[in-house]
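Each remark here refers to the structure printed beneath this line.
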Amino acid sequence: MPERTESESRKLLRRLRDTLATTGGGQDRLDRITHLIADSIGTEVCSIYLFRDAETLELCATEGLKPEAVHKTRMKLGEGLVGRVARTNAAVNTADAPGERGFRYMPETGEEIYSSFLGVPIQRVGEKLGVLVVQSKTARQYSDDEVYALEVVAMVLAEMTELGAFTSDEDGMRALHRQPVLLRGGTGQEGAAEGHVWLHEPRVVVTNPVADDPLTEIDRIREAVGQLRVSVDDLLSAESLDKDQKQVLEAYRMFANSRGWLRRMEEDIQSGLSAEAAVEKEQSAARARMEQVPDAYLRERLNDLDDLSNRLLRILTGQGQDTGAEMPENPVLVARNIGPAELLEYGRKLRGVVLEEGSVGSHAAIVARALAIPLVINATRITSEALNGDHIMVDGDQGIVHLRPEDAVANAFRDKIAMQAEAQTRYASLRDLPATATCGTTIALHMNAGLMADLPSLAGSGAEGVGLFRTELQFLIRNKMPRRAELATLYARVMDAAKGKRVAFRTLDIGSDKVLPYMKPNDEPNPAMGWRAIRVGLDKPGVLRMQVQALLRAANGRPLTVMFPFITELGEFQQARSHVLREIHREKSLGHKMPESVEIGAMLETPSLAYAPKAFFELTDFVSIGGNDLKQFFFAADRENERVRRRYDTLNLSFLSFLEHIITRCAEFDTPLSFCGEDAGRPIEALALAALGLRSLSMRPASVGPVKALLRRVNLQEARAVIEGARDRGEESARPALMEWLSRQQG
Ligand code: PEP
Ligand code: MG
């Protein structure tokens, strides 16, 4: 491969582009392209391998290897030198291919006579599409310039692959973004949904990877980078930025002003790429580096560069957020990540949400839960696989996404949705009936809420009231601290919507997984056990007091229920309670109308409170078990950590015995007790809680029906005997015995 001039490189790219305009199938184009490349760069072999599926590469065209190997030779990702290029997204350049680590001999290709090998990935912004290989008999290492030239060619091939240039039916190479894809992620919110993809940030489509006039393209890129710099400076001059936001934007500014970045893109343009393709080439390289970098800080910075490249592409192509595309029917939102306020803006019109990143405790997940929209998180590759309008099925229960599903899968999935709908109809018929078990005991079912959007569910679900109103959600979705008057109006609207039903307002529970965007995050080694919830409220009581004032004003004579999160000992409860009493006194003296009654309770979320002095149980108006936190501390298993969060069963008899202890202590002092963690909404868990003696459960609105349906057909005394039997036999969990007993009930 002799040294090549820039004009030769441009000529080759133009000839490649011209093949796009030719008639004939995808195979035809591939054949012509391998011939063109081999001819233009003077090498004996040029081959193109494309992905047949996510794991398999297939030789799709070759100049120089045996033609009969085409569409026969396949390798797994990571297998042989070609597989290694694809897996690492990096070039392999060797003078002695057979002697190279991992070399795999493919006799059908006849490649054993070629010693030198250069393979570069065909990739588009992190999406692996294939591998481009050149080989020759002379044993020599390719120069950096040659590697670079081949990468530029590969970039154009990537864009052509995206545009469907190589799709052909005869050989079964189906177009990208047309095949059915199954993606496994995690459960963010249960439920099943069918609809069409709506990309939060639509992919930028580059239709012109090759440019005729490098000078025009250089002007374009310089102007776009100039605009980008101004927009970053504008963002930086905003007054409301905190230190961290400033830091991120400073990093953006550094990249936007980096000469190296612009210089590399200009070099790409000189070799024949358009400005857009040059941006994508550098973005792809940064993504590939990102995959290799273990250091979290460096990864973040590469992520910034990625973000900046997207902005630059949008400036160049004019394809903004608003592409003019119409939101499809039954939209399922697909995004890398999304903020809570943005998600709320989409609101209930979404059928489902799929995120490439995200976590169970992320604010987006909290909002999706409040809106009762099925959510799958950590669905790797979804944003590069999905196109606007694609048919998509979201299985929030299993954390699975079917993109462009085949008919058989779609039909099975629809059966599941139909069964769920049928069950919902059955539950709706129970709406006005009490959750009375066959033994005559009635359990009060309440719902959890946190946004105005939740309140319509109160009437529909048949819940008796709101057992937990998470007030922090209102703080999380804003970008600045809400004012007292705003909160008072909001709480009044919540009480209006509840139409006299009881709403237990939990005071601000921030810290741990819930970090307010406008408050400086504390760099704590273990935030779940750190400065959070009532600890913050007591140390900095300004916000707590403001919240209590807003609640008192909102009640305006109506009964008020307040509870404090994360109370760990008696003293904390006494202090928090006295803040409320002081505010009542103050508000009264200011002439505000006082609530008809005020209940002040505590959430029991740490094991220590179960052993508090009796004064606690006498003083508190009620106790609400926050099972999510209580369980994480009881089992020492982080509720946010996928590796451990499902490791211990709620029906583990140690935990049930502990809950029984709490029930006994509350009973001793006639302290009303309820349970408001996620487990209250799981029918078998709810049954166990009721069997142990809990008489009030608070759950997601969608869980009220299934829990009520089960409770109404069982005898709680018998269920209790089943649990005790399992304990007497020394079993670890009561689940197997309860399940077996339930299956006998049905039979
Ligand atoms: C809990 O911990 O069980 C609870 C209800 O509170 P949160 O999930 O908001 O921490
Ligand atoms: Mg909690």
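What's counted below: heavy atoms across the whole structure, side chains too, no hydrogens, waters or symmetry copies. One-based numbering, in listed order, for ligands and for the atoms of each.
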In sequence, state the C-alpha distance, the side-chain angles, and the governing distance for Asp496 and Arg558, and then conclude on salt bridge (charged side-chain N to carboxylate O under 4.0 Å, His left out).
CA-CA 10 Å; Asp496 294 346; Arg558 293 176 278 196; 2.6 Å; yes

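Contacts of Glu678 with ligand 1, taken as heavy-atom pairs under 4.0 Å, are absent altogether.
Using a 4.0 Å heavy-atom cutoff, Lys631 is absent from the residues neighbouring ligand 1. Using a non-hydrogen distance threshold of 4.0 Å, Arg506 registers as a contact of ligand 1.
Remark: Arg532 is positioned above the aromatic ring of Phe566, its terminal NZ or CZ atom under 6.0 angstrom from the ring centre and at most 45 degrees off the axis. A cation-pi arrangement is present between Arg502 and Phe622 under the rule of less than 6.0 angstrom and at most 45 degrees off the ring axis.
Protein atoms of type N/O/S that fall under 2.8 Å from the Mg ion (ligand 2) number 2 in this view.
Each of the atoms 2 (O), 7 (P), 8 (O), 10 (O) of ligand 1 lies under 4.0 Å from some heavy atom of Arg639. Near Cys676, with a cut-off below 4.0 Å to any heavy atom, the atoms of ligand 1 are 5 (C). Residue-ligand proximity, Gly677 to ligand 1, at heavy-atom distances under 4.0 Å covers atoms 3 (O). Each of the atoms 4 (C), 5 (C), 6 (O), 7 (P), 8 (O), 9 (O) of ligand 1 lies under 4.0 Å from some heavy atom of Arg470.
Of the polar atoms of Asp629, at least one N or O is found under 3.5 Å from an N or O of ligand 1, judged by distance alone. By the 3.5 Å distance cut-off applied to N or O atoms, Gly627 is counted among the residues near ligand 1.
Enclosure of atom CD in Glu718 by more than 12 non-hydrogen atoms of other residues, nucleotides or ligands within 6.0 angstrom is indicated. Counted within 6.0 Å of NZ on Lys540, heavy atoms from surrounding residues, nucleotides or ligands total 12 or fewer; the atom is thus considered open.
Between the side chains of Arg484 and Gln547, no donor-acceptor pair is found at a separation under 3.5 Å. Checking Ser733 against Asn652 by side-chain atom types alone, no donor-acceptor pair falls below 3.5 Å.
Looking at Asn628, Asp509, Ile625 and measuring to atom 4 (C) of ligand 1, the nearest heavy atom belongs to Asn628.
Note: Ile443 CD1 to Arg695 CZ = 4.5 Å, rounded to the nearest 0.5 Å. A distance of 12.0 Å separates CG in Leu687 from CG in Leu694, rounded to the nearest 0.5 Å.
Between Arg470 and Asp509, none of the side-chain N atoms (NZ, or NE/NH1/NH2) sits under 4.0 Å from a carboxylate O, so this pair counts as no salt bridge.
Ring geometry, His661 versus Tyr611: the interplanar angle falls under 30°, so the pair is classed parallel (tilted spans 30 to 60°).
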